Asker: 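I'd like to ask some things about the structure below.
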Amino acid sequence: MGSYDAIIIGAGHNGLVCATTLAKKGKKVLVLDAAEAPGGMAQERTFHDGFMSPISHGAAAFSKTVSDKLSLNKAGLSFSAPRSTTALDADGSHVSIIGETVLGVNADDTASYKTYRQKLLRYAKILDLIWHNTMPRIGGGLMDALIYARGGLKVRMLGKEDMGEFVRVITLPMRDLIDEVFTDPKLQGLLSWDGVMGSKLAPRSPNNAVMPLLLRMNGESGGDYQVPNGGTKALIQALVAAAKSAGASIQTGKPIKRIIVEGDENGQRATGVELETGEVISAPIVVSSADPKNTFFKLLGAQHLGIEFTNRVNRLRTNGYVAKFHIALSGAPKIEGVQDLGGRFVIAPTFDAIEFAYDEAKYGGASTNPVMEFTIPSVNDSSLAPANQHVLSANVMYAPYDEKTGWSDASRKTFTDNILSTLQRYIPNLKDIALAHELLTPLDLERDYHVTGGHWHHAEMAVEQMLMMRPTYQAAQYETPVPGLYLCGAGSHPGGGLLGIPGWNAARQILK
Ligand SMILES: Cc1cc2nc3c(=O)[nH]c(=O)nc-3n(C[C@H](O)[C@H](O)[C@H](O)COP(=O)(O)OP(=O)(O)OC[C@H]3O[C@@H](n4cnc5c(N)ncnc54)[C@H](O)[C@@H]3O)c2cc1C
């Protein structure tokens, strides 16, 4: 296979961003993925004959900085205009948001929404420096202190009053953040969903939801739903094109068995990878976009790590709580009062609807009344379904990875029935047009996408697993305790979602 300066494990979007950034600086890069196609959880899967959908149906949080630095527009990436997000009401009294506009609520909530969004966008911008940089080490040297100082300076620029408000807001549970401003239950449910989505959190959960929300709002759309023209796959196609034109090689269908470590009593170093086929490929730098537990335990082996570090990685919270649900539709879904099916729809009618759905999951039960967001991705990408037919793609909460029956056939059926009957309330013609469906629990996502716990973010975006603690200290600057081995996936700073930032930060750290 030749010799390489760097091998990247995983051709998910972060692996591709990292590869392109390194290759643009003259590194000879090889990207290897076990899957048959690049894209990780953003690649499309066929779930019924002629019907496809990606796991990630939204890509609006992708970093504009990364996109610009990699010239992804030249590689064919462009985005649709922002589309609305609608909190559905079974009787058709929906609440919709787009930009600073909210429709379907009273005048007070309408006015408050503008102020709320402006405030959060201001805070999201303040954090830009934090997201797009390697986090300083805890107890690090002068350079690390300087990064803290720069970050602190940005926050200080908010002014005394706003600074206090910023610190207060980022630590609030979603319910408190929303409850103090809005009165409309559907708007409250919708805005809470945007904070807790993807995580093991509900509106009352303390401390962990606002930072991930601000991270998602840091994307070009400011948190509005927006899709790449051509669908999520257009993002992956652009990343593949950019990586190849920078000179990186991408090989799929290449599962990696282990990371090779060589050394003696004076020290060890990652020197390459061994494929499942037994083939060995060497490089002085190995970068893993696989999740931290997969990287450190399956691919590296705990024998190369200190006991304390091993224990911390072992204790990382990586159990997913989001299921993916796909439906093949023979025609367009009809939703009372909705003409444009190209937006995002949320079924989370109140704070408590989310909270009660979560309560069951805490004790290992899949929610009886699930909450969810769904899109009809075939509206924006007609190649996903046969002509005039459609795909419904839903992210459903809560579906605990460690469901108490181990996701028996019976519990899968019950959960599926509950999802379908929930959707049926809002899409009356669903039963007439549904041709087939697919449920992917976190257990299925783990199996199909090689992500421990099937977790949206590879590791929970919790306060003890974020910033200079992501995934854990001694690996939070993309370097790991084994020289030559780096992390670049969603499990590293700043976290999960289709952002591209971990891959970009990791590459810049490697190039230092
Ligand atoms: C149900 C669900 C819905 C989601 N919806 C959205 C959404 O709408 N919007 C959004 O922004 N985000 C969404 N996400 C999150 C998003 O998909 C992930 O955070 C993102 O894909 C992580 O990207 P990554 O490149 O870091 O890792 P991944 O996409 O997980 O890619 C890692 C790659 O490493 C490969 N790999 C692992 N082990 C090996 C090995 N041993 N050998 C070779 N290759 C290996 C895998 O095959 C994979 O391709 C969703 C996630 C889930 C679970």
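These numbers come from a predicted model, not from an experiment. Atoms within a ligand are numbered from 1 in the order they appear, just like the ligands themselves.
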Asker: Which residues satisfy the side chain to side chain donor-acceptor pair (under 3.5 Å) test with His326, sequence neighbours excluded?
Answerer: Ser53, Glu438

Asker: Out of Ile259, Asn395, Thr295, Asp33, who is nearest to atom 35 (C) of ligand 1 when you count heavy atoms only?
Answerer: Asp33

Asker: Please write down residue, atom name and distance for the protein heavy atom closest to atom 25 (O) of ligand 1.
Answerer: Asn14 N, 3.0 Å

Asker: Determine, using heavy atoms of Lys257 and all atoms of ligand 1, whether some pair is separated by less than 4.0 Å.
Answerer: no

Asker: Can you sort out which atoms of ligand 1 are near Gly496, meaning under 4.0 Å from one of its heavy atoms?
Answerer: 19 (O)

Asker: Can you pull the salt bridge (Lys or Arg N to Asp or Glu O under 4.0 Å) pairs that have at least one residue in residues 471-485, sequence neighbours excluded?
Answerer: Arg137-Glu479

Asker: Between Thr416 and His437, is there a side-chain heavy-atom distance shorter than 4.5 Å?
Answerer: yes

Asker: Name the option, out of Val396, Thr252, Ile256, Leu498, that contains the heavy atom nearest to atom 11 (O) of ligand 1.
Answerer: Leu498

Asker: Going by heavy atoms, is His458 under 4.0 Å from ligand 1?
Answerer: yes

Asker: Mind checking whether His132 and Trp504 have parallel, tilted or perpendicular rings, split at 30° and 60°?
Answerer: perpendicular

Asker: Do the charged groups of Asp224 and Arg83 touch, with an N to O distance under 4.0 Å?
Answerer: no

Asker: Which ligand 1 atoms are under 4.0 Å away from a heavy-atom of Leu299?
Answerer: 41 (N)

